[in-house]
Asks: 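One structure is given below, represented as structure tokens, and several questions about it will come after.
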Amino acid sequence: MSHPSTVLRTEYVCSCFFKYQIFIKKYGLHVCYDNDVQFEADFRQSLRFRGCSTDKQYTDVLSQVKGEVERRKNYHSRFLSNYLRNREYRYVYPELVQLQTSHLDCRFLDMMQEKNLQNADTLLHSLVNHGGHVHGQQVYSFPIFTEEFCKHLSEELENFKQSTKERSLPNTMNFEGVSLDEMGLSYTLLTALIKAYLQPITKLLFPDWGGGAIDSFKSFAVHYEADKYPSLSKHFDNAEISLSICLNSNFTGGELQLEQMLGQEEADLDMEPVVVQQKVGQCIMHRSRQFHFAHPITSGVRTNMIVWMRSSSIRNEMCPMCGHSPDIQEVPIAGDGFTLGQGNPACSWL
Ligand SMILES: O=C(O)CCC(=O)C(=O)O
Ligand SMILES: [Fe+2]
């Protein structure tokens, strides 16, 4: 069985997508590239400081950065052709394609009863009474999926990886991930999850971050292996509210650590970080612009489903990646949640 076809809509990115926030893993640095002269002036010094000292090392970085710029130029057209081809993908577990209540942990279903959704206090009370935790700094965790659902989804992702010839990397920080959007799964499964369950939560807990007006999302799976890709560097997400849902339990370590908010780095300097353990079926929910990183896993493998929920009402004001009013550019698919003008449904999957 393949997923039902989805009507494609025009979407938009900020033009900074093509040059900003390029991650150089070897030196743990995010850079931006416009041209060779600007790059050298802006980053040669910080690269040297991080151990990139010889000319050869520098030219290697430069060609890696230019390669990434090239990848981003082709990103949307390749995404579109992969997405269209993936419509032919045969699911091992066809029941994953549409959200069913049997996918959801019964504690989550109890927590989400109408009477608990009156206001933020009643919701949080219900959350802690149903296996959830309030970690401080607007970081929350709660059980969401059953273990069986997580197991089937992990197997499906592995099968998908094995059977696709070409797939886009969800980001430049995790090389083993799968884009659930490109796979097609998120447009059916996650649209329903967000509409029916997640938005009622974010509306109460993140009203200032567009929690009541989520109109698009990006979703992917991240994969870690103890001896190859154990951790994820510090970053913030290109979204308003982020979720990380753990899909397996055969690993140790891998805690998510949350720190300062973007733009408040100085003021938040002495703030105690929040550290959240990973648990299969558990969702960690936080503000996307709170810097975070994943501790290394010390054994095994870890796969998490990540959902970046976006609200055009917030991001149309300022692109979080460049910090400016977005310089909107049209793309055929996989936009970053910006919209053009009032009442334009563009980019909204919800
Ligand atoms: O590994 C995780 O649990 C979080 C991943 C993450 O923060 C991201 O991919 O943006
Ligand atoms: Fe993240």
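Order of appearance sets the numbers: ligands from 1, and atoms from 1 within every ligand. The first residue of the sequence shown is numbered 1, and numbering continues consecutively from there. These numbers come from the heavy atoms of this one structure, side chains and all, not from hydrogens, waters or symmetry mates. Bear in mind that the values here come from a model prediction, so they are computed numbers and not experimental data.
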Asks: For R85, I'd like to know if atom CZ has over 12 heavy atoms of other residues, nucleotides or ligands within 6.0 Å.
Replies: yes

Asks: Starting from atom 3 (O) of ligand 1, find the nearest protein heavy-atom neighbour and note its residue, name and distance.
Replies: S244 OG, 2.8 Å

Asks: For the pair H130 (side chain) and S126 (backbone), establish whether a donor and an acceptor sit closer than 3.5 Å, ignoring hydrogens and angles.
Replies: yes

Asks: Starting from the C-alpha separation in whole Å, work towards a yes-or-no answer on ring-ring contact (aromatic ring centres under 6.0 Å, His included) for Y187 and Y83.
Replies: CA-CA 11 Å; Y187 296 130; Y83 169 77; 5.8 Å; yes

Asks: Run the ring-centre check on F236 versus F291 and record whether the distance is less than 6.0 Å.
Replies: yes

Asks: Looking at the Fe ion (ligand 2), which N/O/S atom of D237 is the nearest one?
Replies: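 Result for D237 and the Fe ion (ligand 2): OD1.
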
Asks: Of the listed options (Q257, K218, H292), which comes nearest to atom 7 (O) of ligand 1 when hydrogens are ignored and any heavy atom counts?
Replies: H292

Asks: Hey, which atoms in ligand 1 end up nearer than 4.0 Å to a heavy atom of W308?
Replies: 10 (O)

Asks: Could you tell me, atom by atom, which parts of ligand 1 come under 4.0 Å of a heavy atom of F220?
Replies: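 That gives atoms 9 (O) of ligand 1.
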
Asks: Taking only non-hydrogen atoms of Y224, do any sit less than 4.0 angstrom from ligand 1?
Replies: yes

Asks: Considering just N/O/S atoms, say which atom of H292 is closest to the Fe ion (ligand 2).
Replies: NE2

Asks: So does E166 have more than 12 non-hydrogen atoms from other groups sitting under 6.0 Å from CD?
Replies: yes

Asks: Among all protein heavy atoms, pick out the one at the shortest distance from atom 8 (C) of ligand 1; state its residue, atom name and that distance to 0.1 Å.
Replies: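 Sorting protein heavy atoms by distance from atom 8 (C) of ligand 1 puts H235 NE2, 3.6 Å first.
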
Asks: Is it true that the NZ or CZ of R72 lies under 6.0 Å from the centre of F18's six-membered ring and within 45 degrees of the ring axis?
Replies: no

Asks: Taking CD in Q100 as the centre, count heavy atoms belonging to other residues, nucleotides or ligands within less than 6.0 Å. Is the count above 12?
Replies: yes

Asks: Please list the nearest protein heavy atom to atom 6 (C) of ligand 1 with its residue and the distance rounded to 0.1 Å.
Replies: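 Answer, as residue, atom name and distance: L232 CD2, 3.4 Å.
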
